[in-house]
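Since we're looking at a predicted model, the values are computed, not measured. Letters A, B, ... mirror the listed sequences (proteins, then strands); counts begin at 1.
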Amino acid sequence: MTPPPTVPAVQTRSLGRIFGSMVALRSLDLTVHKGDLFGFIGSNGAGKTTTLRILATFLTPTMGTAEVLGLDVVKEADRVRHLIGYMPDFFGVYKDMEVTEYLDFFGACYKIPAAQREKTVADVLELVGLSEKKGSLIGALSRGMQQRLGLARVLIHDPQLLLLDEPASGLDPRARIEMMAILQELQRMGKTIIISSHILSELQSLCNRCAIIERGQLIYSGPIKGVKVGVTEARAFWVRVAGAPETSRELLLQRPETESVESAEGRLKVVLKNPDDDGSFIAETLVQAGQRVLELREDELGLEEVFLRVTKGDTQ
Amino acid sequence: MNPVIQRELLEQCRNPALFRLRLISGAGAIGALLWGITVWAEMQRSGNFVFGPWGVLFSEGGFVFGRVQMVLTLLILALAPTLTADAIARERRESTLNLLGLTPLTPSAVAVGKSAANLLRALTLWLAALPILTVPFLMGGVGGRQVVEVMVVHGVILLVGLAAGLLASAVSTQFRRALALAFVLELALLVGVELVHMVAVVGLQVVLSISVPTSRPMELSQTIHLVSRVVTGEVMRPLPPGFPVLSVGQWLASLGCLIGAVVLVGWLTILTAARRIARLWKEEPVRPRTLAIQRELTRPVLFPGWIRQQQRRRLAQNPLVWIQHRSVAAALTRWGWIFIVILVWMLIATTGGWMGGFAGQWSVPVWMAPLLLMGGMAFSAAGGFRAERENGTLELLLVTPLTLNQLLQSRWSSHVREFLFPVMLQLSLSIYVEGLWRRAGVDYSRFNWWLLMSLLTLPAVGLWRGLRARNFVTAVLSTVFWGLFLPGALAMVVSALGNPDYFGGPAVLQGTGVQFFLETRLDWGVLPAAVQFLIGLVALVLVRRELVSRQFAHQTSGGG
């Protein structure tokens, strides 16, 4: 007996959106699974915000379809709105309101009963670390705190899917790290999160899957590791040994698995012929020859470098 | 040259809004000229002088002059604060004010630079309309004194308006709030000018031992009296008995004091704005006292428990009505307009004795207060979705489970509620006074119809234009055009078609049912109300379509 097909959190088919004469999004096929922390990467004007706005039911697509947890975002927009939490790339706050009033207001907009709202507001404030600021005027909060408040608003109706557009933009390093920790906690709680960001190094450590988009077209969608494999021309390892590296270089060059060995800043970069090779021969060869290995690690491409390699830098 | 002036002038050269404002200024003057001539011709033909026996003293040019300069004065009153209300606020929003603080420029240089550049801009607007003012002068009957008085009043209002806008701009970062504050400050500064003028005139009398041939020497200095005569188009009307007739020397001395008073008040205002800029450069945090005041303004004073319970109930029923009701701006609008209506009636009651008897005096609040209220409604409604559009909350509200109809209905009803009490107060006072008039055969009830319908329709028109227009001033002006001017103009055209006098022969609609209807029941106050109703309905449909298309979102942020 075949198991029932799992409904993806997000599925778009040939999704497109045109603004006047500008094609913001063209034939986007995207799938995000439940429980994913999904990074959405692209240059300015690539179509990330448009995609998120369509998924949030704010914009309607010009062509194609988009489904959130099996519901069409156009035909069943009302039901979709209960399931998603959307945080745009601006604050969207009433600065003359108190923190609790603001959350209470949006709780009422999502039709949460009054008796339940008070506890929900307290819970989400606790989750984003703003409990101490509950009586403060929003205008008096720092940028980082307003960003947290935005996240609290997104969570007020306990959505299953979070659509976060640049949630860490403009935050200081500490606030960014704290924001990322909150997102990881939310993923552990079972939320699916789509996050668009320009800070790729953070997405690399945060997300399990990602999509890269350029000029409204999807370039890659899948696991983070997959995109690196796709653009890596050859597998390489960095080696540091005690003493002069020349002997080690000679030893490694004699191995058939080795393509080349370069010396740089007192270390050796060993490039392998076969990308499927696990590189274990490096340590084996050097130890057997009596060399003391101080460091051995794979030369991994950063997401930023991957992004630069797979995109052409075109904007629209 | 002050680099701020240079930059401002360069920016103005590239700003199409300035050309539009010049166009409005010129078109307003031409429209006023045509209106003045039409009304004068109509009065001549029918022998029906609206203002009773005083009318016979008006010469052709004098009457038209009074009307044209009245429109110009109202335009200056409305446009002068608009020119400067975003001068500093915009620099703050775009974070360029702090960059100026890093240069050797002083806060005073920035404030003076902004004022001087906008004064030049305002003068170009005034010059665009000036040629029209010469037409009634050439028609004859306009004295040199009246011309000088009008010029001085224009100058006073212009300087006061610019200074008020500058100060408001230094206080608020939002253009909408700055503009509202600027209008309030404009009135307050006019009162300030009046006080300084009075002190100056009395001081001059004492120092120079000038004897004033009247038992009421204070009347020499009545700036508000002079301004109100200009604003109401009555500058040509002779003063009633009992008012002092000034010699040329006394008259010049009084005007000189007035000019001195406005320069002093303007200078003090610019200095205050400069001090505010200096504080902004220091980036001082919001004072605890300011925060406490904000809190107090939104905290219920009487029956707090019951009011909070009501607010919770309202929040549960419709959060959008709740949020509009709780804001400080809404409370200030509500109570502020009640205050303004009372103020207009009190001012006219206490200072309007020169307006030609009972009917002349009391007719002013009956038309002036509704016009002010309608302007306020247009201003408020045009900003209805504006703040949410600017701070991004409109996008958030549109992805909540609230329906578009809920959003529209709640926002419309919120605007109606804001003005409900002031409008009811105005209608009550107006109906009471009209009851007294009816014995004299004077009927001003058309303003009541117009006001009532404006209360219902302007919110819809304003919401529509607020979403459509790219900037707030355009939104307000187009709300006034669609919601007030167009219905009035259409009604006048239809009335003219049914009136043989306008075309010197049989009326276009002569003998038709429409003519009978126009002559018997519909005067030009009810007709615009009917047109307003239709435009209001269409506006509701259009604002809904705007929200569905999300066109406003592409204007601000585009697709990314």
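- The candidate with the highest count of non-hydrogen atom pairs below 4.5 Å against chain B, out of A:T60, A:I84, A:I112, A:D104, is A:D104.
- Salt-bridge check for A:K48 with A:D89: failed, with every basic side-chain N at 4.0 Å or more from each acidic carboxylate O.
- Here B:L396 is the residue among B:L394, B:V548, B:L396 with the most heavy-atom pairs under 4.5 Å with chain A.
- In this structure, chain B has a heavy atom under 4.5 Å from the side chain of A:R153, while its backbone stays farther away.
- Judged by a 6.0 Å distance limit and a 45° cone about the ring axis, B:R550 is positioned over the six-membered ring of A:F58.
- Using a 4.5 Å cut-off between heavy atoms, A:M97 contacts chain B through both its backbone and its side chain.
- Geometrically, B:R177 does not engage B:F175 in a cation-pi contact, judged by NZ or CZ lying under 6.0 Å from the ring centre and within 45° of the ring axis.
- Aromatic ring centres of A:F106 and A:Y102: separated by under 6.0 Å.
- By the 4.0 Å N-to-carboxylate-O rule, B:D86 lies close enough to B:R93 to be salt-bridged with it.
- Using a 4.5 Å cut-off between heavy atoms, B:E388 contacts chain A through its side chain alone, with no backbone atom that close.
- Heavy-atom distances place no part of A:A114 under 4.5 Å from chain B, backbone and side chain included.
- Between chain A and the options B:L402, B:N318, B:I323, heavy-atom pairs under 4.5 Å are most frequent for B:I323.
- The existence of a salt bridge linking A:E67 and A:R13 is confirmed by a sub-4.0 Å separation between a basic side-chain nitrogen and an acidic carboxylate oxygen.
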